[in-house]
Protein chains: 2
Amino acid sequence: MARTTGSHAGITGPRVRQAALRLFAQKGYAAVSMRAIAAEVGVQAGALYNYTPDKESLLFDLMRVHLEELLAQADFGAEADPLTRLRQFVEFHIRFHADRPDEVFIAYMELRNLSPENFAQIEALRRRYEDRLETILRDGAKQGVFAIEDTKIMTLAIIAMLTGVNTWFRSGGRLSLDQVVAQYWDMVRRAVGAE
Amino acid sequence: MARTTGSHAGITGPRVRQAALRLFAQKGYAAVSMRAIAAEVGVQAGALYNYTPDKESLLFDLMRVHLEELLAQADFGAEADPLTRLRQFVEFHIRFHADRPDEVFIAYMELRNLSPENFAQIEALRRRYEDRLETILRDGAKQGVFAIEDTKIMTLAIIAMLTGVNTWFRSGGRLSLDQVVAQYWDMVRRAVGAE
DNA sequence: GTCTATACAGCGATAGAC
DNA sequence: GTCTATCGCTGTATAGAC
């Protein structure tokens with residue numbers, strides 16, 4: 001069956017999300033209009049509502065998909081020793097976040113623009129990710145491999161430190177991502193008191 | 001000379017800045033209208049323009065004053081040993097930032113809403129603050145007190161870690177600020193490889 | 001599925017009375 | 001110094017033609 005002229009099912013949708021991602025990260029959610037997103041895609045503003053019920057859903061879906069992918073990939077088997085799992089976490093976190101600067105930026109900066117219900121969902125996903133690290137730290141502390149006074153603080157401190165890479169790292173800069181990973185692994189290993 | 005009714009020179013100005021600070025931190029700069037700020041102060045929107053030439057200047061001044069105060073207080077004399085100065089930095093940073101959550105939040109989150117000229121000024125102030133820490137680390141490394149591979153990365157990693165406290169710390173919570181300072185000092189001391 | 005047109009509210013900023 | 005009133009514009013979202 002011939003397609004109607006101007007029909008782009010399965011093409012425009014992803015382009016809308018990609019345009020929203022880029023613009024939200026660059027200018028901030030509240031500063032981006034639906035007209036601006038539509039212009040980036042090459043359609044009129046009204047057409048966007050074939051792909052999202054409203055503007056906030058666009059933001060929420062970007063965050064949710066990002067965090068679900070993060071959780072899907074953040075699998076550090078409990079069979080390995082805690083030091084190895086911690087090293088895997090550090091490397092994974094840095095690389096995953098360096099690969100998705102726009103998504104990471106939005107997921108941290110635009111939480112205020114979610115409804116309470118959507119906010120709670122996003123926070124729950126983030127909490128599940130933090131728990132992956134906390135479990136590693138707790139296992140290591142129990143086995144005497146790490147010397148940690150408070151695993152919750154250590155968890156938040158490590159994540160803040162690692163996520164901070166995104167504020168300055170640029171591919172092609174002074175340091176390669178391999179070097180960055182090595183340096184942060186050094187710092188984390190020392191911070192948890194591992195040999 | 002009798003004051004004109006409704007005249008509040010020297011009173012309304014600070015109240016405007018305080019209302020803007022609170023609302024910007026809570027809802028985000030772009031989501032706050034001049035009318036909302038005026039309502040919080042208890043005046044009409046037009047009256048705000050007696051105190052600021054425009055909305056962006058309000059944001060810029062809040063950031064600039066915050067960072068200038070940070071720099072004014074962040075004085076760690078070069079006479080003491082690097083380990084003592086680093087400890088002072090860690091304690092100062094955590095306490096100063098915990099005292100001003102709204103200012104800190106704005107100064108990190110709303111940089112995108114500044115004109116290029118204003119952005120450059122704010123970034124220069126922040127850079128001067130980072131240099132205070134980097135100098136301490138460099139001195140310590142030179143003297144062999146610290147074992148640091150790259151002082152620039154260590155600087156950014158420490159600041160990210162310490163500033164991250166603001167995302168979760170609440171006065172009256174499980175931990176006192178004294179305990180938080182002690183824990184982070186432990187982590188930083190280890191991370192720089194100090195005895 | 002996209003268009004044009006539009007409803008309706010809100011925006012930053014200014015002018016002029018008091 | 002604050003008010004009221006207003007300008008010109010932009011915002012999200014919807015309706016109906018094609």
Side-chain angles (χ1 to χ4, degrees), chain A residues 1-24 26-63 106 110 112-115 117-118, chain B residues 1-24 26-63 106 110 112-115 117-118:
Chain A
M1 201 179 326
R3 277 193 182 281
T4 307
T5 303
S7 175
H8 301 289
I11 298 181
T12 305
R15 292 189 62 216
V16 168
R17 287 184 284 277
Q18 191 162 353
L21 171 67
R22 205 187 69 79
L23 290 170
F24 289 167
Q26 186 176 85
K27 303 176 190 299
Y29 171 80
V32 174
S33 67
M34 294 297 267
R35 283 181 178 91
I37 297 170
E40 177 105 346
V41 175
V43 298
Q44 294 299 312
L48 297 181
Y49 293 87
N50 291 316
Y51 303 98
T52 179
D54 51 36
K55 190 184 171 192
E56 191 199 318
S57 296
L58 216 41
L59 175 65
F60 173 66
D61 285 344
L62 287 171
M63 292 183 176
I106 288 174
E110 304 294 358
R112 283 178 302 200
N113 296 297
L114 296 177
S115 69
E117 297 75 24
N118 286 344
Chain B
M1 200 178 327
R3 277 193 182 280
T4 306
T5 304
S7 174
H8 301 288
I11 298 182
T12 305
R15 292 189 62 215
V16 168
R17 286 184 283 279
Q18 191 162 354
L21 170 67
R22 204 187 69 77
L23 289 171
F24 289 167
Q26 186 175 87
K27 303 175 190 299
Y29 171 80
V32 174
S33 68
M34 293 297 268
R35 285 174 175 87
I37 297 170
E40 177 105 348
V41 175
V43 298
Q44 292 301 311
L48 297 181
Y49 292 88
N50 292 315
Y51 302 97
T52 180
D54 51 35
K55 190 184 170 190
E56 191 199 319
S57 297
L58 216 41
L59 175 64
F60 173 66
D61 286 344
L62 287 171
M63 291 184 177
I106 288 174
E110 303 294 357
R112 285 177 302 197
N113 295 296
L114 296 176
S115 69
E117 299 75 23
N118 285 344

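Letters A, B, ... are given to chains in the order of the sequence lines, protein chains preceding strands, and every chain is numbered from 1.
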Reckon Y51(B) has a side-chain N or O less than 4.0 Å from the OP1 or OP2 of dG1(D)? no
Take the protein atom OH of Y49(B) and the nucleotide atom P of dA5(D), then report the distance between them rounded to whole Å. 19 Å
Is there side-chain contact between N113(A) and E56(A), with at least one heavy-atom pair below 4.5 Å? no
Decide side chain to side chain contact (heavy atoms under 4.5 Å, CB included) for Y29(A) and R112(A); before the verdict, give the C-alpha distance in whole Å, the side-chain angles of both, and the deciding distance to 0.1 Å. CA-CA 10 Å; Y29(A) 171 80; R112(A) 283 178 302 200; over 6 Å; no
Measure from the side chain of D54(B), starting at C-beta and using heavy atoms only, and say which of dA13(C), dC3(D), dT4(C) lies closest. dA13(C)
Selection from dT2(D), dT14(C), dA13(D) that lies nearest to any side-chain heavy atom of A47(B): dT2(D)
Determine all donor-acceptor pairs shorter than 3.5 Å in which one atom belongs to a side chain in residues 37-48 of chain A; sequence neighbours excluded.
from, atom 1, to, atom 2, distance (Å)
E40(A), OE1, R22(A), NH2, 3.1
E40(A), OE2, R22(A), NE, 2.6
E40(A), OE2, R22(A), NH2, 3.0

How many angstroms lie between atom CD1 of I106(B) and atom CZ of F60(B), to the nearest 0.5 angstrom? 14.0 Å
K55(A)/E110(A) ion pair, N-O < 4.0 Å: no
Counting only heavy atoms not in Q18(B), do more than 12 sit closer than 6.0 Å to its CD atom? no
Could you give the NZ-to-C1' distance, from K55(B) to dT14(C), as a whole number of Å? 17 Å
Within less than 4.0 Å of OP1 or OP2 of dG1(D), is there a side-chain N or O belonging to T12(B)? no
Is Q44(A) close enough to dT4(C) that one of its side-chain N or O atoms is under 4.0 Å from OP1 or OP2 there? yes
Measure from CG on N50(A) to C1' on dC3(C) and round the result to the nearest Å. 11 Å
Round to the nearest Å and state the distance from Y29(A) atom OH to dT12(D) atom C1'. 10 Å
What residues from residues 31-38 of chain A pass a heavy-atom cutoff of under 4.0 Å to DNA chain D? V32(A), S33(A), M34(A), R35(A)
Check the distance between dC11(C)'s P and L48(B)'s CG and give it to me in whole angstrom. 13 Å
How long is the gap from CG on D61(B) to CG on L21(B), to the nearest 0.5 Å? 12.5 Å
In this structure, how many angstroms lie between the P atom of dT12(D) and the CG atom of N113(A), rounded? 12 Å
